[in-house]
Amino acid sequence: MARRKISLKVLENGTKTFEVRHRWEDKPVAAPPDGVPTEYLPFRQQRPGLPGSHGRPGWLKAKIPGGEGYREIKDTMRGLGLHTVCEEARCPNIGECWNNRTATFMILGNVCTRSCGFCAVLTGKPTELDLDEPYRVADAASKMGLKHAVITSVNRDELLDGGASIFAATIREIREQVPGCAVEVLTPDFKGDRDAIQTVVGAAPDTFNHNIETVPRLYPAVRPQAKYRRSLEVLRYAKELNPDGLTKSGFMVGLGETEAEMHQTMRDLRDHDVDILTIGQYLRPTENHLPMSRYYTPKEFASLRKYGVELGFKHVESGPLVRSSYHAHEQTSDARKREATVGS
């Protein structure tokens, strides 16, 4: 499916690790149920500003990052030696979110042990574990005056608990330093380890998020070290441990999935008691990442949202620029309101 390349990587602090990247071929995934191979857009036609039917459409335009809030958050993160998934994953909403004083902290370093075909985060050998990180994340949340903090991480499969104890410590530190701040976690699958999931949920996050990312047929290319059913079970078990907490998941479109497959994935998530769903457009970070099949229109995203609401999700965030933490505070608030309405 891909040509694998391993090279030395020197991080900003001088630490040496190795980087793994893949050169994906034109057709890296199994054909849809109808047997017709998926056609992919050439990478050169996926960049903004190019003319023609394959150029990036106008509804995918995002403002260039800038502004006082953006600079202040960037300075805070760098000053405390922290990472954000906003930067590492090249999120198109970084300018909007940072100027609204919202950021998603990425703990456990910025080197991931997995090589997901869509992700811009560095894959390689992780560096040491930073046990002081939870305190610094909470310090940053306090300095930023956050009302809703989102905590995610790289995969750390080499750790016995996958980093669950650091997630839990971060939640507790934020509770201590920023009273009243809601905490949302976006976790790895922890290889399905129930003890690790229990460690995170035991720290009482307001929202437990684990992304399903795509439909099961595409997993070998999109999430080669993950399992679709395992991710569903992570979400189900988190809800079982804390029935009053919100669970959340999301997936991308534009990887070659069909409407029937998306609908089935949405039904699977509801069957596992997921409360909040996010759906966004996949944008290929580099030529070393999975190719993109097409751009979905705002009308198609609205249709997916309608279907999700009909299935019973408490909130569905569906749009071209939607990412897992986009409008996270509003998602949680809306879900709680809908929950109260249904329960009354």
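For Lys306, the salt bridge (charged side-chain N to carboxylate O under 4.0 Å, His left out) partners at least two apart in sequence or on another chain are Glu310. The salt bridge (charged side-chain N to carboxylate O under 4.0 Å, His left out) check on Arg223 picks up nothing, with sequence neighbours excluded. Judged as a side chain to side chain contact (heavy atoms under 4.5 Å, CB included), and not counting sequence neighbours, the contacts of Arg229 are Leu232, Asp268, His272. Remark: Glu184 engages Lys248 in a salt bridge (charged side-chain N to carboxylate O under 4.0 Å, His left out) (not counting sequence neighbours). Annotation: side chain to side chain contact (heavy atoms under 4.5 Å, CB included) contacts of Asp34 (sequence neighbours excluded): Pro32, Val36. Shown here are the side chain to side chain contact (heavy atoms under 4.5 Å, CB included) partners of Pro179, two or more places apart in sequence or in another chain: there are none. Residues satisfying the side chain to side chain contact (heavy atoms under 4.5 Å, CB included) test with Ser165, not counting sequence neighbours, are Asp161.
Screening residues 107-124 for salt bridge (charged side-chain N to carboxylate O under 4.0 Å, His left out) gives Arg114-Asp157, Arg114-Asp189 as the qualifying pairs, with residues at least two apart or on separate chains. For residues 166-180, the salt bridge (charged side-chain N to carboxylate O under 4.0 Å, His left out) pairs, not counting sequence neighbours, are Arg175-Asp206. Residues in residues 295-305 take part in these salt bridge (charged side-chain N to carboxylate O under 4.0 Å, His left out) pairs, two or more places apart or across chains: Arg294-Glu300.
Of the possible donor and acceptor atoms, none in the side chain of Glu233 sits under 3.5 Å from a partner among the backbone N and O of Ser231. A donor-acceptor pair under 3.5 Å is absent between the side-chain atoms of Ser249 and the main chain of Leu277, judged by distance alone.
Salt-bridge formation is detected for the pair Asp275/Lys239: a Lys NZ or Arg NE/NH1/NH2 atom is positioned less than 4.0 Å from an Asp or Glu carboxylate oxygen. Salt bridge status for Arg136 with Asp132: present, with a side-chain N to carboxylate O gap under 4.0 Å.
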Pairs of donor and acceptor atoms involving the side chains of residues 194-204, under 3.5 Å and at least two apart or interchain, shall be tabulated with distances.
unit_1, atom_1, unit_2, atom_2, d
Thr199, OG1, Asp195, O, 2.9

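Using a 30° and 60° split on the angle between ring planes, Tyr307 and His263 fall in the parallel class, below 30°.
Other cluster members for Ile276: Leu246, joined by side-chain heavy-atom distances under 4.5 Å among Ile, Leu, Val, Met, Phe, Trp and Tyr.
The six-membered or imidazole ring of His289 lies away from that of Phe118, with a centre-to-centre distance of 6.0 Å or more.
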